[in-house]
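Values reported hereafter were calculated over all heavy atoms of this structure, with side chains retained and with hydrogens, waters and symmetry mates removed.
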Amino acid sequence: MEFDTLRESKLKQQDQPQDQASTNKATNPDDGSPPWPMPPATEPSQYSDQAETINSEGDQSDTIGEEPSSSSSSSSSSPPPPPPHNLLFATEQLESSSLPKPFSQFNPAPTLRLDSIRIVGAESLRPSFLQTLCRPYVDPSISFQNSPNSSVNRFLYGERVTYPLPNQTTTLKSILALTSNLANDLDRLDVFSNIDAQIVPSLEPGFGNEGVDVVLNCRKKGRVFLKSSTDLGNGEGSASIQGRVRNLFGGCETLQGSATFGTRTKQSFNLEFSLPLLSNPDHTLSVSAFATDRDQTSFASCYENLKGLRASVSSNKGLGMQNELAYECSLSSLGRLLPDASISIRKLARRPTVKSSISHTLLRDTRDDPLMPSRGSYFKMVQEYAGLGGDSNFFKAEFESSIGRRWELPFPPQAPTLRSVEEVEANLAEQGKAAEGSSPAPLDETLLREARMASSISTNVSFRTGLMRTLNGSGSLFTDRYQVGGPTCVRMFRLNGLGPKDKFDSLGGDAFWTAGASILSPVPFKPHWPLKLQAFFNAGQVSQIDMAKPLMRSENFSELLQPSASFGLGLVYLQGPLRVELNAGLPLLTRKGDSSRKGLQLGVGINFL
């Protein structure tokens, strides 16, 4: 399949790759470093870092000082050989490190023109899908050059509409940036296991020595995926089996399902169908069906059963920014009450309830590590409106934010096997000087990293809050309320142990807030261990609101001004995305009725306060 080459690129799908004169891997040239070898534009992946350029022209030689002959006169009548391709000169300039300014008015970058984009090995994808995928790179009607004020195109396609169009004069750096971004798009579709990128002279003679083609060689993943696993987190253990079918209809559609059986979530089933919108991995449409049966007897004398459908459109705009608009219709019920269940739980469990709601989620995460961040911040805001039919009729708003930093300590580490950062840096500098004029020895960066870890601490501060208001003046439902407390929330309190209660049952609330601060440091003499020392302070509270009274009446929030707080020390162990904490602490403030605990507390999960 090909596009018109006039200001558009061609998309050619071939069964076998043709012989090429120049190859390179998808890289990001924006840092000004040579393209071969050079690091990729995105996170390290399977893209290769090297390339080699081969001049297809033979060496030419001139004979000087000889008399012309008949043979020479006949050869002089033959047409002169074509000039070398500009891709060769552009490659040499990028590879040259002797020039202080490789590209300047005295040494201009050779001009290139994009002729076509060819994707090899993508026979499983529909031609129309590939055409839509490449459209922002080749279509002048949506290019930022022709419509710089079009915010819609920038929202739909992002930076893809800012690259030079086909047949426009550009440089090798711009072609490399386009190649890297397109290869990253194909990788994010999750249908290819390996993508190799090449930039080669154009096959079309009309472009002379400036035309180039972008060739992407793809190796597809297996279509069916099955996995079984055991999980431990958020206060429960579970075993699950997961299955996934990729590229269901040739447009990168995915059908996946899971079945989970655990200690608290007795059983959970989920089936989801998703596809990229506009062939763009930044925008995803998902439709799912779910059913869960959860044991709530650890804080309420009942079991909760939930079944429903959910549809969502999500957008990932880069820089950690995500948006999601979702609709959910669910049926929930409380059943299998314990004999000593409170009157409040028995009233809430009279009949099943239906919720039909629409929600919007805004998330921005720039942390370098979600479990132990050393820089960046996390921000999340959720707004939900229920009242599109059913029994639930409310508006709910939630906000969450956290920030983490790493701080260098002014004193050196006490470990006898480690040196201070200054000593290690001085040693590395001496090694570098000794290596001048000879083959440099590899510098031991591990010592420097361990020294920095041994002389630094990580701090994290987080805050969460939420408010729900029913729109019909009636009380809220149990399944819609907030629950606060536990080893992953406000430590040294029992699971969902804060807030209103009836006998031993936690009823939840309509408004809440929590705040936490923690300090993490390496274990003395073992800074490279995944085990860390922790000191924490947590506080929070949850309360119910009288929906029949105006929202801003002081009595609605008086209980929120009576926080429960705790302090303690502990050990933190990291295993992949899982975080395990063993803390020893005590409550500093306890509101009447809150379920606290002293001594040791074990917390396992992913999201901690």
Could you walk me through whether L172 and I199 satisfy the side-chain contact (heavy atoms from CB on, under 4.5 Å) test, starting with their C-alpha distance in whole Å, then the side-chain angles of each, then the deciding distance to 0.1 Å, before giving a yes or no?
CA-CA 9 Å; L172 180 57; I199 300 178; 4.2 Å; yes
In sequence, state the C-alpha distance, the side-chain angles, and the governing distance for V461 and T459, and then conclude on side-chain contact (heavy atoms from CB on, under 4.5 Å).
CA-CA 7 Å; V461 178; T459 59; 5.8 Å; no
Using side-chain contact (heavy atoms from CB on, under 4.5 Å), reason through S141 and R135 one step at a time and then give a plain yes or no.
CA-CA 10 Å; S141 64; R135 186 190 174 197; 3.9 Å; yes
List the steps and the verdict of side-chain contact (heavy atoms from CB on, under 4.5 Å) for Y157 and N280.
CA-CA 7 Å; Y157 301 107; N280 189 339; 4.3 Å; yes
Between D196 and R219, does the salt bridge (charged side-chain N to carboxylate O under 4.0 Å, His left out) criterion hold? Intermediate values first, please.
CA-CA 9 Å; D196 291 333; R219 182 182 303 170; 5.8 Å; no
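Side chains of S377 and R364 form a contact here, defined as non-hydrogen atoms less than 4.5 Å apart. At a threshold of 4.5 Å between non-hydrogen side-chain atoms, the residues V200 and R118 count as touching. The closest side-chain heavy-atom distance from M321 to L362 is below 4.5 Å. Side-chain atoms of L88 and N209, non-hydrogen and from C-beta on, never get closer than 4.5 Å to each other. Side-chain contact between V214 and L114 is present, with at least one heavy-atom pair separated by less than 4.5 Å. L309 has its side chain out of reach of Y327: every pair of non-hydrogen atoms, C-beta onward, lies at least 4.5 Å apart.
For F155, the side-chain contact (heavy atoms from CB on, under 4.5 Å) partners at least two apart in sequence or on another chain are H283, S315, K317. With sequence neighbours excluded, the residues that form a side-chain contact (heavy atoms from CB on, under 4.5 Å) with P276 are F129, L189, C252. Under the salt bridge (Lys or Arg N to Asp or Glu O under 4.0 Å) criterion, R244 pairs with no residue, sequence neighbours left out. Residues meeting the salt bridge (Lys or Arg N to Asp or Glu O under 4.0 Å) test with E92, sequence neighbours left out: none. When the salt bridge (Lys or Arg N to Asp or Glu O under 4.0 Å) test is applied to K380, no partner is found at least two apart in sequence or on another chain. With sequence neighbours excluded, the residues satisfying salt bridge (Lys or Arg N to Asp or Glu O under 4.0 Å) with R113 are E210.
Summarising the geometry of L285 relative to V313, their closest heavy-atom pair is CD1-CG2, 3.8 Å, with the distance given to 0.1 Å. Residues S193 and K221 approach most closely at N-CG, 3.4 Å, considering heavy atoms. Closest approach of G243 and L226 over heavy atoms only: CA-CD2, 3.7 Å. Residue F192 comes nearest to L125 through the heavy atom pair CZ-CD1, 3.8 Å, listed as atom of the first residue, atom of the second, then distance. Of all non-hydrogen atoms in S458 and R406, the two that sit nearest each other are OG-NE, 3.7 Å. Nearest heavy-atom pair across Q242 and S229 is NE2-OG, 4.2 Å.
We find the CG-CG distance between L277 and D282 to be 11.0 Å, quoted to the nearest 0.5 Å. Residue Q256 holds its CD atom at 9.5 Å from OG of S288, rounded to the nearest 0.5 Å. Once rounded to the nearest 0.5 Å, the distance linking OH of Y573 with CG of L531 reads 8.5 Å. To the nearest 0.5 Å, the span separating CG on N184 from CD1 on I195 amounts to 8.5 Å. Here OG1 of T91 is found 10.5 Å from CG of N86. Values are rounded to the nearest 0.5 Å. Rounded to the nearest 0.5 Å, atoms OG1 (T284) and CG (N316) are 8.5 Å apart.
A donor-acceptor contact closer than 3.5 angstrom links the side chains of Y137 and D185. Side chains of S258 and N270: a donor-acceptor N/O pair is absent below 3.5 angstrom, by distance only.
Between the side chain of R246 and the backbone N or O of D190, at least one donor-acceptor pair lies under 3.5 Å. Side-chain atoms of R405 come within 3.5 Å of backbone atoms of G376 as a donor-acceptor pair (strictly under, hydrogens ignored). With hydrogens and angles ignored, the 3.5 Å screen pairs a side-chain donor or acceptor of R223 with a backbone N or O of L248. With Q168 contributing its side chain and P164 its backbone, the two residues share no donor-acceptor pair below 3.5 Å. Formation of a donor-acceptor pair under 3.5 Å by the S116 side chain with backbone atoms of D213 is not found in this model. Judged by distance alone, the side chain of H360 and the main-chain N or O of M381 form no donor-acceptor pair under 3.5 Å. Within the 3.5 Å criterion, the main-chain N or O of S124 finds a donor-acceptor partner in the side chain of N247. With hydrogens and angles ignored, the 3.5 Å screen pairs no side-chain donor or acceptor of R160 with any backbone N or O of P136. One N or O on the side chain of T179 and one on the backbone of I175 form a donor-acceptor pair closer than 3.5 Å.
Other residues, nucleotides and ligands place no more than 12 heavy atoms under 6.0 Å from the NZ atom of K220.
Two rings, from F399 and F379, have their centers less than 6.0 Å apart.
Using a cutoff of 4.0 Å between basic side-chain nitrogens and carboxylate oxygens, R154 and E159 are scored as salt-bridged.
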